[in-house]
Amino acid sequence: MNGKNAIPVNSTKTNLWLDIGLFAAMMLALTPALTGMTIHEWLGLALGVAATVHLLLHWQWTVAVVRRFFGHLAASTRLNLALNIGLFVNFVVVVFTGIMISREALPVLGISLAGGHAWEGIHRQAADLILFVAGLHVAIHWKWILSATRRYLVAPIYGLLHRPAYAAPTGWAIVVARREAK
Amino acid sequence: MMKTLMRALIILVAALVVVGATVAAAQQTGALASDGGDRPQFDGGQTDFGQASSGAPGGFLVREGESGEGGWAELAKNVGVVGVLVVGAVLVTKGLKVVGRSEAQSA
């Protein structure tokens, strides 16, 4: 595979769609009363993979900020990193304790773990906490979410709904038309 | 590709460190020792998850119950919590900007 021949990827667009999916999946996973336990557990495991992809997409930012954490760095960026680390730890705890008390997903795979009420308690408390930490994560990136949504979601839909009846002449078509007019 | 795999491996190691710390903390507090491995049983939609251990039906925010039972209200509540946090953060940021601007003008 040659890197030069690779199809260019719009990272903002990719990030936006992945983040919308992550948010929706997390909201659903945090509502087992709606989804039922089977979907709750499989969704939780899938979220683990999706969160890893999310981290990989933001790898360069993470490495750059970690390197400069004790150096010159804006307070907001430092706070952002601290919150992200907290979210990562919280997320790992939720997924791990979820695996420990799995009743649907893991038995299907032939795995049975000796989970207990202690893991349940930790799972529940960590799930409560992750709602707040993920909410803060969304709040911190609100401007980016708004501008990316406007650009890649609202604008294309608006463009489709308000498409002009004819194609406006552009570039060479205008030049040719001017020459012909002369 | 190799670089991505290495990065994923680093994330996995970091996750394992967190898991190790969680297990160590749980063992140190004695939560696991007193547990006795008494797993909750799932019987076709009805669940005793959360009730046997604490007497409460699930967590403070994230509750479990029969599938479909008040589920949409739970989802709306969760989205509402995130919404309140976002609105709060936007208001705080704008408030800080206004305070900073008025301080700069008075100085």
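Please read all numbers here as calculations on a predicted model, not as lab measurements. By convention in this document, chain letters (A, B, ...) are assigned in the order of the sequence lines, proteins followed by strands, and residues within each chain are numbered from 1. The analysis underlying the following values was restricted to heavy atoms, covering all of them including side chains, and did not include hydrogens, waters or symmetry mates.
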Visitor: Spell out, as yes or no, whether a donor-acceptor pair under 3.5 Å connects the side chain of A:E41 to the backbone of A:R103.
Guide: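 Indeed, once roles are kept as given, a pair shorter than 3.5 Å links the two residues.
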Visitor: Of the backbone (N, CA, C, O) and the side chain (C-beta and beyond), which part of B:V79 lies under 4.5 Å from a heavy atom of chain A, both, or neither?
Guide: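 Both parts, backbone and side chain.
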Visitor: Which bit of B:V23 comes within less than 4.5 Å of chain A, counting heavy atoms only: side chain, backbone, both or neither?
Guide: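 For B:V23, backbone and side chain are both near chain A.
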Visitor: Roughly how far, to the nearest 0.5 Å, is CE of A:M26 from CG of A:L30?
Guide: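 Spacing of CG (A:L30) from CE (A:M26) equals 6.0 Å.
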Visitor: For the candidates A:V92, A:T97, A:I39, which exhibits the highest count of non-hydrogen atom pairs separated by less than 4.5 Å from chain B?
Guide: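 The candidate making the most pairs under 4.5 Å is A:V92.
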Visitor: Does A:E120 form a side chain to side chain donor-acceptor pair (under 3.5 Å) with A:H117? I'd like the steps, not just the answer.
Guide: CA-CA 5 Å; A:E120 271 178 47; A:H117 291 310; 3.0 Å; yes
Visitor: So what's closer than 4.5 Å to chain A heavy atoms on B:A14: side chain, backbone, both or neither?
Guide: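 B:A14 touches chain A through backbone and side-chain heavy atoms alike.
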Visitor: Between A:F96, A:W59, A:F91, which residue shows the highest count of heavy-atom pairs closer than 4.5 Å to chain B?
Guide: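 Option with the top pair count is A:W59.
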Visitor: Contact part of B:I10 toward chain A, heavy-atom cut-off under 4.5 Å: side chain, backbone, both or neither?
Guide: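 The answer is the side chain of B:I10.
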Visitor: Check whether the ring centres of A:Y152 and A:W17 lie less than 6.0 Å apart, and answer yes or no.
Guide: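 Not close enough - the centres of the two rings lie 6.0 Å or further apart.
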Visitor: Hydrogens and angles aside, do B:N78 and A:T31 bring a side-chain donor and acceptor to less than 3.5 Å of each other?
Guide: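 A pair is found: one side chain offers a donor N or O, the other an acceptor, under 3.5 Å apart.
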